[in-house]
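Working notes for the structure below.
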2 protein chains.
Amino acid sequence: MLTGSTTTENRQPVSAVQRIERGLLEEIGAGELAPGQRLDEAGLASRFGASRTPVREALSRLTAQGVLVQGEKRGVFVAEYSREQQSQMFEAMHEIEAACARIVAQRLDFLSRSEIEAAQADCVKAAEVGDRTAYLRANEAFHQAIYKATGNPYMAEIASEFRQRTGPFRAKKFASREDLLSSAQSHQALLDSIFSKDAAAASKSMRDHMAVSFLETLKAN
Amino acid sequence: MLTGSTTTENRQPVSAVQRIERGLLEEIGAGELAPGQRLDEAGLASRFGASRTPVREALSRLTAQGVLVQGEKRGVFVAEYSREQQSQMFEAMHEIEAACARIVAQRLDFLSRSEIEAAQADCVKAAEVGDRTAYLRANEAFHQAIYKATGNPYMAEIASEFRQRTGPFRAKKFASREDLLSSAQSHQALLDSIFSKDAAAASKSMRDHMAVSFLETLKAN
DNA sequence: CCCTACTATTTTGTATGCAAAAGAATTTGT
DNA sequence: ACAAATTCTTTTGCATACAAAATAGTAGGG
């Protein structure tokens, strides 16, 4: 969304701050750093082979982005959310995703349609062989292709950020091959409505998709 | 949105980082720091009576939030947006605001209705006496009351952040007493539809309100 | 006058040290 | 045995110094 990018777009050396920030984001997204877990400046400095200064800066940036939270007096923790908060986050996410679907239905062009279809084909392939890791990656790419097709970087960024935040608990619903196949099938229904260019239908279809997704996520957590 | 809060909720001393971050946010919002303007670590350190360390941290946090952007090789600048980017930002803002209106129409209760009405009364009062500063403040409070009424802090936070980002160029449309009155009147139409509890009408009404708002902003800039 | 090379200056990223605050452990008193 | 006080340790926020990178300024040559 309105957050700064941590991707290196130019050929600049990656600063220690960026390395640490990125490394932590990956660990949080992968569930290696659990919600509520405390992060330790000195330990991280040692782990990432840097001094406390860039560690502090990376931690501070991540608190500014809401990924980490600062304790009242001391300590920085991985943000955790109650069930109610998760539900509110999903609600907001539903709204954003539905808006994205509507916008895409209105402004779909040949290129973005192709990109979305390619991403869906990857989802289907990964689901059929029951490759969970590949499916998670393909699923993300699928949704990213939809965001890109909005042609609005701000919509794309908000949506991406919600996906990142909800990623760890969302990932738990993809336990079996059947789960993967079901998800990929759900995508197809969604795409049919988007490709119909009926904005209202696309929006509704995305809401339905997200609602099912949320229920499955609740069951899996 | 999903950014960390910079408000001090407990009785903790305000750190230099927080002071600097807040000070810069205020200056940007007030237009005292113009889009594209370069910020200078040493100058800020001197200005805020601190060393470079907290200045760097504050700047880094604000780049993480997208309020500032880092130059390719050096320098930190106030983020600036092309007309197209502003348009995209407004589009995203329209979606969020329309979603907020719909949610409020669905879940309005006595307390939130009262709060919104009180905020609108302040807008009307400020508009009638032609007090621009008071109107800007009341207008923000009005929109904040709507966000609060969603009962969803994530929706509220995204919406607030868009308002903060678009604030400087939006403020320019409130030049005369007539502008203020017109805006306050537009609010009333919006509220009628929200208070009707018709979610679709509320959503549409907010879209209309935002569309007019955007056109006026274009004219004033 | 323009271009290149060199030097000086500025900016950036980070390491280290220090003081204050907070928390944990130990000691003392009842 | 328990509570309060004291001491020790850890954490936090920040200042300062240093080295590397980037930029600006100057001199010399064509």
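By convention in this document, chain letters (A, B, ...) are assigned in the order of the sequence lines, proteins followed by strands, and residues within each chain are numbered from 1. Below, all heavy atoms of this structure are taken into account, side chains as well, without hydrogens, waters or symmetry copies. Remember, predicted model here, so these are calculated numbers, not experimental data.
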### Message
Closer than 3.5 angstrom, by distance alone: can the side chain of A/Arg38 be matched with the main-chain N or O of A/Val76 as a donor-acceptor pair?
### Response
no
### Message
Tell me the interatomic distance from B/Gln70, atom CD, to C/dG13, atom C1', rounded to whole angstroms.
### Response
11 Å
### Message
Counting distance alone, no hydrogens or angles: does the base of C/dT14 have a donor or acceptor under 3.5 Å from a partner atom on the side chain of A/Ser15?
### Response
no
### Query
Hey, does A/Ala50 reach any base, or is it just sugar-phosphate, or nothing, if we go heavy atoms under 4.0 Å?
sugar-phosphate
### Task
Go through the structure and list residues passing ring-ring contact (aromatic ring centres under 6.0 Å, His included) with A/Phe48, not counting sequence neighbours.
none
### Message
Quick check: any donor-acceptor pair below 3.5 Å linking the side-chain of B/Arg74 to the base of C/dG13?
### Response
no
### Task
Write down the distance between CZ (B/Arg56) and P (D/dC18), rounded to a whole number of angstrom.
18 Å
#### Entry: Closest nucleotide among D/dT23, C/dT14, D/dA15 to the A/Ser51 side chain
C/dT14
## Note on the structure
Which of D/dT16, C/dG23, C/dT14 is nearest the side chain of A/Lys73? It is C/dG23
### Query
Okay, side chain of B/Gln65, backbone of B/Arg61: is any donor-acceptor separation there less than 3.5 Å?
yes
## Note on the structure
Rounded to whole Å, CG of A/Leu44 lies from P of D/dT10 at a distance of 17 Å
### Query
Over how many whole Å does the gap from A/Asp40 atom CG to D/dT9 atom C1' extend?
14 Å
### Message
Rounded to whole Å, please give me the gap between CZ in A/Phe48 and P in C/dA15.
### Response
14 Å
### Query
Separation of A/Glu41 atom CD from D/dG13 atom P, in whole Å?
7 Å
### Task
Calculate the interatomic distance between B/Glu72 atom CD and D/dA21 atom P; express it in whole Å.
18 Å
### Message
Check whether A/Glu140 reaches the backbone of A/Arg137 with its side chain - one donor and one acceptor, N or O, closer than 3.5 Å.
### Response
no
### Summary
To the nearest angstrom, the CZ-C1' distance between A/Arg52 and D/dG13 comes to 8 Å
